[in-house]
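Sequence positions, counted from 1, serve as the residue numbers for this chain.
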Amino acid sequence: AAMRPLPYFCRGEVVKGFGRGSKELGIPTANFSEQVVESFPSDISTGIYYGWACVGNGDVHKMVLSIGWNPFYKNVKKSVETHIIHTFKEDFYGEILSVVIIGYIRPEKNFDSLEALISAIQEDIEEAKRQLDLPEHLKLKEDIFFHLPQGKIVNNH
């Protein structure tokens, strides 16, 4: 049972995560602040989702997003991490990340090895790319949600 209702629109500041994504996996992810994570619907299923994402007033890119419990926090804190399917030249901590979560790919699972995890993520990325090319999903890329008024500061609320 995936999260309802989709699509889910969310915007928030990018904070420093654990630094694992880029270093160990070669798959950088952007973490939302605790405030933003806490604002997610409480009945949202953990797992992997796909959708669109945009940093600041930048271009809108395909993304995969994971919602899960962070064992580091002894399973009391949920984390929401977005992997934008695009190569950025630099980090964007402190920027506003806008995402539209469109669909569910799979539940969270444990992996026996780093290789298995990486290959699962690569499959998630391929699945996200396929889904997001569908016309009904493509149209959300143009959603007015992504067009922040120039120079407007978005409050972290």
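- Note: His86 and His61 have parallel aromatic rings, judged against thresholds of 30 and 60 degrees for the angle between ring planes.
- The same ILVMFWY cluster, assembled from side-chain heavy atoms under 4.5 Å apart, contains both Leu6 and Val99.
- Separation of atoms OG1 (Thr82) and OH (Tyr49) is listed at 12.5 Å; rounding is to 0.5 Å.
- Glu126 and Gln122 share no side-chain donor-acceptor pair at under 3.5 Å.
- Using a 4.0 Å cut-off between charged side-chain N and carboxylate O, Asp91 and Lys16 make no salt bridge.
- Open room surrounds CG on Asp112; 12 or fewer heavy atoms of other groups in view lie less than 6.0 Å from it.
- Across all their heavy atoms, Ser98 and Phe146 have their closest contact at O-CE2, 3.5 Å.
- Side-chain contact between Cys54 and Trp52 is absent, with no heavy-atom pair separated by less than 4.5 Å.
- Applying side chain to side chain contact (heavy atoms under 4.5 Å, CB included) to Ile125 and the options His83, Met63, Lys62 leaves one that passes, His83.
- The shortest heavy-atom contact between Val37 and Lys78 is CG1-O, 3.3 Å.
- Remark: the backbone N or O of Phe145 is paired with a side-chain donor or acceptor of Arg11 at under 3.5 angstrom.
- With a 4.5 Å cut-off on side-chain heavy atoms, Pro135 and Leu138 do not count as touching.
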